Amino acid sequence: MGVTNLSAVLKELSTIPIIEEKKVEDFSGKSLAFDAFNVLYQFLATIRDSRGMSLTDSEGRTTSHLIGLLTRNSQLLSKGLKPVFVFDGKSHELKRSTIERRSEIKEKAEKEYKEALKMGDMERAKSLGQRISRLDSNMIDDSKKLLDLMGIPVIQAPGEGEAQAAQIASEGTVYAVASQDYDSLLFGGPILVRNLNISGRRTLPSGHVRMIYPQEIHLDKMQKGLGFTREQLIDLGILMGTDFNPDGFRGVGAKTAFKFLKKHGDFLTIRKNEKKVSSVPFDNYEEIRDIFLHPNVKKGVTFSFGEYDVEGILHFLVEERGFNADRYKNLLRSTAESIETMNKQTSLDDFFG
DNA sequence: CCCGAGTA
DNA sequence: TACTCGGGG
């Protein structure tokens with residue numbers, strides 16, 4: 001999850017427009033560091049059958065994440081994007097309670113889901129199904145295996161994936177971080193790209209349909225538009241709630257957090273002067289701030305892109321997971337072909353400067 | 001999530 | 001061309 005509700009702040013409180021609308025093709029030739037868990041959870045939540053159940057192979061193993069990774073990444077590769085996947089390592093102890101709470105919520109949703117199924121309330125079942133996605137170590141392993149077969153580099157972060165992704169983005173090893181969360185910006189990643197693993201149209205809870213485009217957000221522009229330093233952006237996040245203090249503060253949302261920060265300058269001064277923030281016990285401020293300012297990351301990480309191995313992918317998905325070969329072989333071949341023609345083109349470009 | 005078939 | 005629906009495993 002992470003910091004997800006910053007959109008309102010960026011749209012309504014900034015003096016300059018911060019969110020740049022892009023097309024997927026605009027990222028052709030650029031490498032993007034995807035927060036792997038972020039992507040996988042997205043697939044697990046959305047790739048479901050009409051009863052809200054994950055898709056599985058004949059042995060009951062979930063395959064939703066594999067379908068998502070294969071189709072989405074094949075499209076991105078066809079358009080010349082160079083995805084890199086960064087997996088979470090050990091999560092910070094302050095995040096544990098968040099994780100535990102999420103798993104409680106999931107257990108509750110699971111019970112309600114079964115009831116909804118019994119009652120035949122499919123709409124409700126489907127929406128509950130989305131909340132009970134679990135990512136186990138087998139799913140992580142076969143995601144890595146599939147990515148490897150697709151030639152997509154897999155990076156193992158020592159801690160937060162989002163932090164490691166931000167690190168390689170600041171080092172210029174990748175162009176940007178791709179995620180739905182804003183955390184990479186708080187970790188110091190200079191560019192964030194959102195909506196890159198989401199299709200063009202989305203049905204909102206209200207029933208309205210809206211087009212979704214990739215968005216590019218630059219940290220420096222965001223700081224300029226809001227008039228905040230990076231430290232203040234971190235304070236903003238903490239006031240609104242992060243993975244490390246998920247509750248935030250009662251009655252403090254985007255606007256109030258922004259207002260407090262403008263008035264007092266930093267979190268500790270707000271804590272001294274604003275009742276909404278001071279009335280709650282909260283002694284992890286320095287530690288949380290430090291997670292964002294000095295994250296647990298590896299420096300100087302390098303990687304290389306591999307071959308898109310059509311035969312290998314087919315073997316894994318068809319032989320081992322029961323995918324329908326006819327359904328996917330066209331996608332695989334045309335993807336391999338686009339990659340090949342693009343490689344030829346870029347090597348020509350390199351040759352001629 | 002993505003795709004294809006069916007429909008207008 | 002635009003949209004909805006069902007299926008994918």
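For clarity, every value in this text was computed on a predicted model and none was experimentally measured. Lettering follows sequence order; numbering is per chain, from 1. Because only heavy atoms are used, hydrogens play no part in the values below, and waters and symmetry mates are left out as well, while side chains stay in.
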Roughly how far, to the nearest 0.5 Å, is the [atom2] atom of [Y] from the [atom1] atom of [X]?
X        : Y        : atom1 : atom2 : result
A:Arg134 : A:Glu110 : CZ    : CD    : 5.0 Å
A:Arg289 : A:Glu231 : CZ    : CD    : 5.5 Å
A:Asp266 : A:Asp235 : CG    : CG    : 6.5 Å

_Residue from A:Leu192, A:Ile18, A:Ile19 passing side chain to side chain contact (heavy atoms under 4.5 Å, CB included) with A:Met222_ =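 Of the listed options, the one satisfying the test is A:Ile18.
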*Check A:Lys95, A:Arg101, A:Arg102 against A:Pro246 for a side chain to side chain contact (heavy atoms under 4.5 Å, CB included) and give me the one that passes.*
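With A:Pro246 as partner, A:Lys95, A:Arg101, A:Arg102 yield a single side chain to side chain contact (heavy atoms under 4.5 Å, CB included), made by A:Arg101.
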*Check every strand shown and say whether A:Tyr41 touches a base, only sugar-phosphate, or nothing at a heavy-atom separation below 4.0 Å.*
nothing
Nearest-angstrom distance from the residue atom [atom1] of [X] to [atom2] of [N]:
X        : N     : atom1 : atom2 : result
A:Phe323 : B:dC3 : CZ    : P     : 15 Å
A:Lys329 : B:dC3 : NZ    : P     : 18 Å
A:Tyr328 : C:dG7 : OH    : P     : 14 Å
A:Asp326 : C:dG9 : CG    : P     : 10 Å

*What parts of residues 130-149 of chain A reach DNA chain C, counting only heavy atoms under 4.0 Å away?*
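Under 4.0 Å from DNA chain C: no residue of residues 130-149 of chain A.
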*asked:* Among residues 46-83 of chain A, which ones have heavy-atom contacts with DNA chain C below 4.0 Å?
replied: A:Ile47, A:Arg48, A:Ser54, A:Leu55, A:Thr56, A:Asp57, A:Thr63, A:Ile67
Might you confirm whether atom [atom1] of [X] has over 12 heavy atoms from other residues, nucleotides or ligands at distances under 6.0 Å?
X        : atom1 : answer
A:Lys262 : NZ    : yes
A:Glu307 : CD    : no
A:Tyr213 : OH    : no

*List the steps and the verdict of ring-ring contact (aromatic ring centres under 6.0 Å, His included) for A:Phe249 and A:Phe260.*
CA-CA 12 Å; A:Phe249 297 87; A:Phe260 284 174; 9.6 Å; no
When you compare the protein's N or O atoms with those of nucleotides 4-8 of chain B, which come within less than 3.5 Å of each other, and at what distance?
none

*Do the non-hydrogen side-chain atoms of A:Met139 and A:Leu40 ever get within less than 4.5 Å of each other?*
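The answer is no, as the side chains (C-beta and beyond) never meet within the 4.5 Å cut-off.
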